[in-house]
2 protein chains.
Amino acid sequence: MNPIENISQQFAAHKYKLTRQREAIVQVLLDNEKEHLSVEEVYMLVKNSYPHLGLATVYRTLELLSELHIVEKMNFGDGVARYDLRDDTHAHMHHHMICHVCGRLEEIKDDWLLDLEKRLEREYGFTVTDHRLDFKGTYGTCKHTGCKRDKEKKAV
Amino acid sequence: MNPIENISQQFAAHKYKLTRQREAIVQVLLDNEKEHLSVEEVYMLVKNSYPHLGLATVYRTLELLSELHIVEKMNFGDGVARYDLRDDTHAHMHHHMICHVCGRLEEIKDDWLLDLEKRLEREYGFTVTDHRLDFKGTYGTCKHTGCKRDKEKKAV
DNA sequence: GCTCATATCGTAACGATTACTATTTAAGGG
DNA sequence: CCCTTAAATAGTAATCGTTACGATATGAGC
């Protein structure tokens, strides 16, 4: 089943309409599934295929997609919410590496946490439905570039 | 070494002054180290010991403490930044369980990720300096309380 | 085609955060 | 001690991401 069809069904299942606007937004997400787009970025991109679309609609649609678990809403501390299309088969395989130096953000699709989730269930009676794992650090190739201690450096 | 002394040294080491305002804020964090306080909450609490303190100072101080890695700035998606005092010995042992139903937030201080971090180093040449691991789900004791599918339910 | 709930549009309002200016404070040298 | 000077604070205005709102448009079912 193609992704749009799949999403269309999920909309229907919850009695939401897949309007042209929503479809245009979903298409942007599909075309950029490697990215973690902000609302503003989605807004810019969707203007290409649907120039008239309003910003509020982008906010509403992304929020809706998030509720339907079609996208994941996340926050990397840069002051804007970012959204990432999630693949059902990778629901629990969504980790990030964020480099202090170059700012690169790489995604790891591997399930490393199943054992831990079982342990939470066992030890705390807590059933995990989702998780978020972000690693911060530096790539070997970035290490030479000074340290990040002083904010003044950044300011200059 | 007591915590304030320790923090005082870190300030000095970076040529920052530990003013009375900053000390009052740090004390609030120490007194509430189990909590994940928002700026507004810190502001309210610190008013008890330092009534005249301004909100901007709380923002600036928490930002500074975050740069010095004395606190960790985090975001749980509720629209406000939250800060948590971090214990050096627990730098890598800071996970959360967040319950969908009751909203409870529990902290787990156990290092579950050392092996994964070694693997990142090996496979990606990525040196981890910090990580964040949040589990979302439900506690067994909360399960009976309806499902979260419909936003309308929440709105009512 | 008509009806009515749903969705969109554009913009105003909101709330968290940051930026700015004047004032105060603390540390070091006479 | 007092003076100087850089750093810190206070109070508030400005900014910016996000949400709320009223009016208009759309589309599925009859």
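The basis for the numbers below is simple: all heavy atoms, side chains too, and nothing from hydrogens, waters or symmetry mates. Per chain, numbering begins at 1; letters A, B, ... match sequence-line order.
Distance A:Lys17 NZ to D:dG27 C1': 5 Å, rounded to the nearest Å. The distance from atom CZ of B:Arg22 to atom C1' of D:dA10 is 14 Å, rounded to the nearest whole Å. Across the protein-nucleic acid pair, B:Leu62 atom CG and D:dT9 atom P stand 12 Å apart, rounded to whole Å. Taking atom NE2 on B:His14 and atom P on D:dA7, their separation rounds to 16 Å, with Å as the unit. Atom CG of B:Leu64 and atom C1' of D:dA7 are 12 Å apart (whole Å). If you measure from atom CZ of A:Phe76 to atom P of D:dG17, you get 17 Å, rounded to the nearest angstrom. B:Asp78 has its CG atom 12 Å from the P atom of D:dT19, to the nearest Å. For the pair A:Lys73 NZ and D:dT18 P, the computed distance is 7 Å after rounding to whole Å.
Listed pair A:Arg20 / C:dT8 fails the phosphate criterion, with no side-chain N or O lying under 4.0 Å from OP1 or OP2. Look at B:Gln21 and you'll find a side-chain N or O under 4.0 angstrom from OP1 or OP2 of D:dA10.
Taking a 4.0 Å limit (strictly below) on heavy-atom distances, residues 37-57 of chain A reaches DNA chain C at A:Tyr50, A:His52, A:Leu53, A:Gly54, A:Ala56, A:Thr57.
Distance check: A:Glu121 CD to A:Arg119 CZ gives 14.0 Å after rounding to the nearest 0.5 Å. Annotation: the span from A:Leu37 atom CG to A:Leu62 atom CG amounts to 9.0 Å, rounded to 0.5 Å. Distance check: A:Asn75 CG to B:Asp78 CG gives 10.0 Å after rounding to the nearest 0.5 Å. In this structure, OG1 on A:Thr57 lies 8.5 Å from OH on A:Tyr50, to the nearest 0.5 angstrom.
Within the structure, no pair that satisfies the salt bridge (Lys or Arg N to Asp or Glu O under 4.0 Å) test touches residues 12-27 of chain A, not counting sequence neighbours.
Looking at the side chain of A:Arg60, the nearest of the listed nucleotides C:dT17, C:dC9, D:dA8 is C:dC9. Closest to the side chain of A:Tyr59, from the set D:dT9, D:dT19, C:dT8, is D:dT19. Proximity note for B:Val80 (side chain, C-beta onward) versus D:dG17, D:dA10, C:dA16: the nearest is C:dA16.
For A:Val46 against A:Val28, the heavy-atom pair with the smallest separation is CA-CG2, 3.7 Å.
Residues meeting the side chain to side chain contact (heavy atoms under 4.5 Å, CB included) test with A:Ser38, sequence neighbours left out: A:Glu40, A:Glu41, A:Val80, A:Arg82.
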